[in-house]
S.K.: 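Take this structure, written in C-alpha cells, and hold onto it; I'll ask about it next.
Below, read A as the first sequence line, B as the second, and so on, with proteins coming before strands; counting in each chain starts at 1. Values below: all heavy atoms of this structure, side chains included; hydrogens, waters and symmetry mates excluded.
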4 protein chains.
Amino acid sequence: MTRIAVLGCGRIGQMHAANIADHPRASLAAVYDLHAPSAEEVAKTHGVAQAANPEEVFGTAEVDAVLVATATETHADYIEMAVAAGKPVLCEKPIDLSLERVNRCAETVKGSTVPIQLGFNRRFDPGHRAARDAMRAGEIGALHQVIITSRDPSLPPRSYLEAAGGLLRDMTIHDFDLARFMLDDEPAEVFAIAGALIDPVLGAELDEVDTAMIILRTADGKQCHINNSRTAVYGYDQRIELLGTKGMLQSGNRKPHEMTRFTSSATEVAEPFLYFFIERYHEAFMAEITAFVEAVEQGSAPEVGFDDGRKALVLAEAAYRSLAEGRMVRVEEIG
Amino acid sequence: MTRIAVLGCGRIGQMHAANIADHPRASLAAVYDLHAPSAEEVAKTHGVAQAANPEEVFGTAEVDAVLVATATETHADYIEMAVAAGKPVLCEKPIDLSLERVNRCAETVKGSTVPIQLGFNRRFDPGHRAARDAMRAGEIGALHQVIITSRDPSLPPRSYLEAAGGLLRDMTIHDFDLARFMLDDEPAEVFAIAGALIDPVLGAELDEVDTAMIILRTADGKQCHINNSRTAVYGYDQRIELLGTKGMLQSGNRKPHEMTRFTSSATEVAEPFLYFFIERYHEAFMAEITAFVEAVEQGSAPEVGFDDGRKALVLAEAAYRSLAEGRMVRVEEIG
Amino acid sequence: MTRIAVLGCGRIGQMHAANIADHPRASLAAVYDLHAPSAEEVAKTHGVAQAANPEEVFGTAEVDAVLVATATETHADYIEMAVAAGKPVLCEKPIDLSLERVNRCAETVKGSTVPIQLGFNRRFDPGHRAARDAMRAGEIGALHQVIITSRDPSLPPRSYLEAAGGLLRDMTIHDFDLARFMLDDEPAEVFAIAGALIDPVLGAELDEVDTAMIILRTADGKQCHINNSRTAVYGYDQRIELLGTKGMLQSGNRKPHEMTRFTSSATEVAEPFLYFFIERYHEAFMAEITAFVEAVEQGSAPEVGFDDGRKALVLAEAAYRSLAEGRMVRVEEIG
Amino acid sequence: MTRIAVLGCGRIGQMHAANIADHPRASLAAVYDLHAPSAEEVAKTHGVAQAANPEEVFGTAEVDAVLVATATETHADYIEMAVAAGKPVLCEKPIDLSLERVNRCAETVKGSTVPIQLGFNRRFDPGHRAARDAMRAGEIGALHQVIITSRDPSLPPRSYLEAAGGLLRDMTIHDFDLARFMLDDEPAEVFAIAGALIDPVLGAELDEVDTAMIILRTADGKQCHINNSRTAVYGYDQRIELLGTKGMLQSGNRKPHEMTRFTSSATEVAEPFLYFFIERYHEAFMAEITAFVEAVEQGSAPEVGFDDGRKALVLAEAAYRSLAEGRMVRVEEIG
C-alpha cells in the first residue's frame, strides 16, 4: 500500500482523499489544509491524521507520497518541497498561472528523479484512452483532425472565477493537454477566439471570458479544434473525436443509467449527462491514482509529468496572445 | 415497363397506385373501385383509365398484371380471376379470413404458373432483410430466438375493426409471416394470450382484443416471441431481434430525421417514430413492387407466394385455438 | 457503521465482502466459508476476522447483521439461525430449491420482526428502478406489457449447472422477481417453453435447458414476456421494457465506456456489454447493501423480503409445470 | 404542374431531372447539355425533349422555369439569360468562382423580380431545418456556438479538382451557407487553416487543400466552427450542432437502414452512413424543388436567393485571405 497524504481539503481534495482511501493499492496517510476545520473534517471521515503544517507531511517517514490539491499559487512551492523531501508528488493542474514561476520551478527540480505527476486526469478516462489506443494502434490510419468538445454545466461562482486565472488557463488547460495527448504530437501554432457570452456583465467586470473556440496545428499539419463553454445545461459535455484516413473514433458522454423514455412527443429520451467532473471522471481519477501509485512503487517517471503541465500552460499563453492579436501564434513565440 | 392495374382505391390502394406510378420499371395501367368516385379520384391524380368493372381489367391486353387492394372478402375471387385470365397478381393480405375459403382457392389455382404474390411487404424492409441476410450468412451462428415487436400507434376506427377479422388475422398475420421469414423454418407450435386492454368496452362489444403476446416454436426447438399492441403512442413500433450462438441482430425503428435535443432535463431526445406503415415501410412497399415486376417479367414464382399467405393464416388460426384453450397448439392440428 | 459478516466466500461472497468493505455505512465484520482457505483469503484481503463456524458469527455482539452467500441448500437454515439469533439477514436467492423447504422456513420465521432481505439485486439497478419509478409516477399511463430480456454471456461450468436446480429456479428467478416488481402486481398465470439449444448433449445428460421463453399474465390482464439464454456472446444482456397507454420505458445495457468506432465497413461500433453481473450490476449490489443497512438501522422490513423470494420460486414451479404440460398454469395451482 | 427544364446533364443534373420528374408538382420540360449524348440519354430516360441549345429553352413558352446544373463558369451567364427571358431559375452553387463576375451578375439582375434560387440544398434537409426551427423557436435560449462537421467520403477525381475552384469555394461554400443559416446572422470575421493531408503530392501539383478548419464570428460574438475533410471513409459525414443557454441541438448522419449487429467483439454496429450527397440529401433536394415550385407559382423571392450565393462566396474569399495571412479576416475587407 502506498501511503499518500493530501494537501488541500477543498472539493477536489476531498474527492482525492476519498479515492485514495477507496483505492486497493493506496491508503490515505494524512491530510492538511490551511483552513484547519476543512482538514479536520476529512481526517475524521477517513480516520486519518491531520497534519499541523505541510512540513510535517513532507518530513515524516509515514508518508510515501503527496497529492497537492491546494490553491494554485502554492502548487509550485509544494512541488519544490516534495522534490527536496524526496516525496513523489501528484499535483493538480495548473502548476502555476505564471509561466515564469513554472519555468523557475522547472529549474529547481531539474535533474531530480523524484516522480512528479500532473493532475491531467482526463487522459485516464477509459473512453478517451481507448480512443487514443485505437488511434496509436493504427485503426484510423494517419490522424488528420482532432475535435475536442469541453463544456462545463454552468458558470462557477464569482470567487472561483476571480482566482482561476482565466478560462484558458483554468478550464481549457485540460483540453490543451488532451490535444497533445490525442495528436500524439506538439501543436506548433494556436489560434483562439473567446467572449463573455453567458454573463457579459461579469465578463466585463472580471475581464474574463466564458465561451471559446481554438484551433491548433502541428508542424506536419494535423488540425485540432477545441470548443469550450460554461453553460452546457444538459450536463458536463466531454467529447473527443479523431478523424484519420481509415476511420473515425469518438469518445462520448456518460449518463447515470440507461433508462430511456418514449412518448407521443419524443423517443429515446435519456437522462442529462453526469453533472460534473467528480461523477463523469470518477474512473479517470481512480486510474490517475493507480498510475501515480505505480510511479511511486517503481520510482519511475509518471506518464503525465511536469513538462506536460508546463506545455499545456504554454499553449494557454499562446492562445491568449492569439486572442489579443487576432492571429495564429507560433508556440515557439511563447517559449 | 410492367403495366399494373390496381383494384381497390382505399388508403392502401391509393398508396400502391402512387408507388406504381413512381416506380421506374412499372406504370399504372388502370384503377377500379366498387365505389366509383374513389377510383375516379385516383385515376385523375395519375392520369390513367378508370375501369368500369374488374372484368374489364382482367380482360384487356393493356394490363400486364393486377394489384388487389380491395375488401378482404373479395381477395380470393380476384386471385382466381387473375389466374384464369393469366394475369400475375399481387394481392394484399390476408387471402381470406376463412381458412376453408383459402383452401378452396388453393385448389382452384393449383397447377397454374401465373405468378401470385402476397402483400407481406415487411419482408422487403431494408433493415429486416439485412437482418435475415446476415443470419442466413451465418453471422450469428445457429439461430435460437426471434423477438418480434409490432405495435400500431393507435386503435383503428370501429368500422375497420368490425371488418378486420380479429387482431391475429388482421395485424399479427404480418408478424406470423415475419416469424416464418426470420426463423427460416416452419413454426410447429403456437401459444397465445390476448386481451382488450386499451378499450375493454369496445373489446367486449366486438369480441375483439387489442394487445397480445405469442410464442412459436419450430420442430427443432427454435423459439419466437411476438408482442402486439394497438397503442404505441410514440409511433409505429416495428422491431425484430435475432439471437444466435455467435451474436445478435436487431432491426429497429425509423425516425423522420436525425435531429436530437439536449436540455436541462433530458438528452438525446429524438422525434417520435414514423407514424404508420405508409411512412415506415415506404421502401419496403416499393421493393415489393420491384419483386412483383421481376416475377411478372420472368414469369417466375414470387418470393412471397400464395402458400405463404395460407401458412400465416394457419398460424393465426392456431393462435386463436390457443387463446380458447389456454395451451400450446400444434400447427398440424389446424391443417 | 453497520457491521456485516459474510457467510460463503465463493465468487459472489467475495464480491459482497468487497462491497461491504467499500460501503460508506457498512463495515465487514467477519467472514466464514465451509472451505476454510477461501474464507482465509477474503479475511486477509480485508483485514477482518475469519469465523471458525457460523455459530460464532450468529453468537457475537460484534456482528450486527449477516449476508448469506453460501450454497443454496444452506440458505434456509441460515435464515432460521439468523432469525433465532436476532440478526438481520441478507440472503442470496433462491431461499431453497424446494418450495416445501421454503414453506417450512416461512413457518419457522413467521411473526419475527428480524429483517430478512432477499438478494434480488436487480431491483436496485438505477436504470431498472428509474423505469419502475417513472411507470408508478404515471408517465406511461396504464401498464399493458412488460418485456424482460435476460441472457447470460455463456454457459456456466457443468459443476455449477449440476447444483443450480434448473434454469428457471437459478437464472429466471431473477426475472420472475423483476416481473413482479415491474408489473407492480402478481402474475396469476404462467406459460413457458424451454430447450437445450446451446448444448443439447449436456442438456440431455443433466436434464437441463439453456434457452427459454415465458409469458405471465396478471389477474387484470397485464402481459409479461421473459426471454432467457445462456449464450449472449456480445455481453450480459439485461433489458426491460414497459409499454403503457401513454408511452414506453426501456432500461438498457451498460458498456464499459462510450468510445465508438467508424470505419469503411461499420459505424457507431461500441464495445461488448459489461461481461457479467458483478460488473453490470455493481451499482445495484451497492444499493442493495444500502437498503439492507437502512433496514438494519431502522429494524424495518426490507423492501425485498422473504415472501418475495418465495413468490419468485412459486412462479418458477408454475413455469416447470407449464413446461411439462404444455399449457398455461394458474399460479394458485402451485401454492 | 410547373414545367422545369434542366441545363446540364452531368451527375447532379441527372439527379435533378429525375427529382423533377418524380415531383408531384413539377414536370420535366426539356433537357440540354453542351455534350449532346448526355442530354440525349436523360431525355430518353424521362421521355422529354432535348433542347438544341440554351436559347431554345429560354425562348419557349413550354418551359416555366429553368434549373442550371452546368459547368460553374456558365452559371452567371445562364442566370442573366433566365432573368432576361423572365424565367425563374434555380442555379447550382457557386454562382461563379470569381467574386467580380458574381458582382457584375448582381448588377445585371438588379431590380428584376424574376425568382432566382441558389442550390444550397442542405438548408432543406429535414434534420438541419428542424434544428434551426427549434433554435429560432427559442428552445435552446440564446445561441452561442455552431459546430458544422462536413466531410466527403473520398477525394474526387483530379479532373474535378482542377475545375472546382478550390476546397473552400467548392465544398466549404455549402458550410458557409449553413453557418449563415444556423447563426441566423452574418459572420463578421473568418479564420481558416487548411492543408493537403490526404494527398500531399496532388495538393502540391494543384495548389489545392483537402482538409480544413474554420472559425467564424458574428458581430455580437456568436462563434462557429467548420471542419472539412475529403476522407470520411465511414460515409458522408454531415452534422450540425447548436449550443445555446438553454440546451443543445444536433442534426446527425443518416444510415441506409436501422439494422445493427452485436458480436463477441462489438455491439450496436451500424452500417456506414449514406455514401454521398445524392443519397444523404435526397429529401433536401426534393424539398428544394418544392420551394422553387412555390416561388415560381407565386412569383415570390426564393428562400435562398442570389445574395445568399454571393455572401457564401465572400466568406470563402475571406477564408482564403485568412489562409494566406494567418490571421482573422474581417468579412468587410472582402466586400
S.K.: Would you mind checking which part of C:Ala212 comes under 4.5 Å of any heavy atom in chain B, side chain (CB onward), backbone (N, CA, C, O), both or neither?
M.R.: backbone
S.K.: Can C:His128 and C:Tyr281 be counted as having a side-chain donor-acceptor contact under 3.5 angstrom?
M.R.: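 Yes, a side-chain donor-acceptor pair sits under 3.5 Å.
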S.K.: Using non-hydrogen atoms only, which part of C:Asp237 is less than 4.5 Å away from chain B: side chain, backbone, both, or neither?
M.R.: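 Side chain only.
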S.K.: So is C:Arg122 actually on top of C:Phe181's ring, under 6.0 Å and inside 45° of the axis?
M.R.: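 No, C:Arg122 and C:Phe181 do not form such a contact.
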S.K.: What part of C:Ile214 lies closer than 4.5 angstrom to a heavy atom of chain B: side chain, backbone, both or neither?
M.R.: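 Contact with chain B is through the backbone of C:Ile214 alone.
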S.K.: Does any heavy atom of chain C fall under 4.5 Å from the side chain of B:Leu143, the backbone, both, or neither of them?
M.R.: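 Neither part.
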S.K.: What part of C:Leu243 lies closer than 4.5 angstrom to a heavy atom of chain B: side chain, backbone, both or neither?
M.R.: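 Side chain of C:Leu243 only, per the 4.5 Å heavy-atom cut-off to chain B.
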S.K.: Using non-hydrogen atoms only, which part of C:Glu241 is less than 4.5 Å away from chain B: side chain, backbone, both, or neither?
M.R.: side chain
S.K.: Determine, for C:Phe120 and C:Arg180, whether the Lys NZ or Arg CZ falls below 6.0 Å from the six-membered ring centre while staying within 45 degrees of the axis.
M.R.: no
S.K.: Quick one, C:Arg230 with C:Thr211, criterion side chain to side chain contact (heavy atoms under 4.5 Å, CB included). Give me CA distance, side-chain angles, the key distance, then yes/no.
M.R.: CA-CA 7 Å; C:Arg230 296 223 202 235; C:Thr211 307; over 6 Å; no
S.K.: Answer with side chain, backbone, both or neither: which region of C:Asn228 has an atom nearer than 4.5 Å to a non-hydrogen atom of chain B?
M.R.: backbone
S.K.: Answer yes if the ring centres of B:Tyr236 and B:Phe273 are under 6.0 angstrom apart, and no otherwise.
M.R.: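 No, too far apart.
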S.K.: With a 4.5 Å cut-off on heavy-atom pairs, point out which of B:Gly221, B:Ala232, B:Ser154 contacts chain C the most.
M.R.: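 Option with the greatest count: B:Gly221.
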